[in-house]
Amino acid sequence: MVFERIYRLVERIPRGKVASYGQIARMLGQPHGARTVGWALRALPDGTTVPWHRVLNSQGRISAPWGPAAVALQRALLEEEGVVFDDTGRVDLTRFGWAGPEEE
DNA sequence: CGTATGACGAGCC
DNA sequence: AGGCTCGCCATAC
């Protein structure tokens, strides 16, 4: 299942770092599979151990159609890990962006 | 098996 | 800069 691959990769994202959907898709060898990544994370159960909050869109923004409350939660979780959001609610991917498993 | 959908992304207006 | 459309991939029906 593609989900498993995605989950395992997301679980490798270190604290204080974030990755984009498209980035993860490329790491899995699917340059255009960003939507699939979102699909996988969407299917995640509530009590999951996967740090889904460290996954943002290509602009370093939080995408959450489940409501503004969830967005605030994700943002709070990240800020607690040291990730900084600017005034427009964006994360500096050049600073907090995860380069991949190789970085570890 | 064909169609529709979605935590996306890049391009166009 | 902001919003809309089209393209891509895997899954659900």
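Below, read A as the first sequence line, B as the second, and so on, with proteins coming before strands; counting in each chain starts at 1. These numbers were taken from a predicted model, which means no experiment stands behind them.
- Screening residues 48-74 of chain A for salt bridge (Lys or Arg N to Asp or Glu O under 4.0 Å), with sequence neighbours left out, gives A/Arg54-A/Glu81.
- The side-chain heavy atoms of A/Ile62 and A/Phe85, taken from C-beta on, include a pair separated by under 4.5 Å.
- Of the two residues near DNA chain C, A/Arg61 and A/Trp39, the one whose nearest nucleotide lies more 5' is A/Arg61.
- Legend: side-chain hydrogen bond (donor to acceptor under 3.5 Å, both in side chains) pairs involving residues 18-36 of chain A, not counting sequence neighbours: none detected.
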Checklist line | Pair assignment for DNA chain C - dot-bracket with | for other-strand partners, Watson-Crick or G-U under 3.5 Å | finding: .||||||.|||||
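- The heavy-atom pair separating A/Ala25 from A/Gly33 by the smallest distance is CB-C, 3.6 Å.
- Regarding A/Arg26, its CZ atom lies at a distance of 14 Å from the P atom of C/dC9, rounded to whole Å.
- Among the nucleotides B/dA10, C/dT11, C/dC9, the one closest to any side-chain atom of A/Phe3 is C/dT11.
- Checking the phosphate oxygens (OP1, OP2) of C/dA10, a side-chain nitrogen or oxygen of A/Gln30 falls inside 4.0 Å.
- OP1 or OP2 of C/dC9 has not a single side-chain nitrogen or oxygen of A/Thr36 nearer than 4.0 Å.
- Atom CH2 in A/Trp52 sits about 13 Å away from atom P in B/dC8, given to the nearest Å.
- A distance of 11.5 Å separates CD1 in A/Ile24 from OH in A/Tyr7, rounded to the nearest 0.5 Å.
- As rounded to whole Å, 11 Å separates atom P of B/dG11 from atom NE2 of A/His32.
- Rounded to an integer number of Å, the gap from A/Gln23 CD to C/dC9 P is 19 Å.
- Going from atom CG of A/Leu78 over to atom CD of A/Gln74 covers 5.5 Å, rounded to the nearest 0.5 Å.
- Between the CZ atom of A/Arg35 and the C1' atom of B/dA10 there is a distance of 13 Å, given to the nearest Å.
- Between A/Ser63 and B/dC8 there is a side-chain N or O to OP1 or OP2 distance below 4.0 Å.
- For the pair A/Asn57 CG and B/dG6 P, the interatomic distance rounds to 17 Å; values are reported in whole Å.
- The CD-P distance, from A/Gln59 to B/dA10, rounds to 9 Å in whole Å.
- Here the straight-line distance linking atom NE2 of A/His53 with atom CD of A/Glu79 works out to 12.0 Å at 0.5 Å rounding.
- For the pair A/Tyr21 OH and C/dC9 C1', the computed distance is 16 Å after rounding to whole Å.
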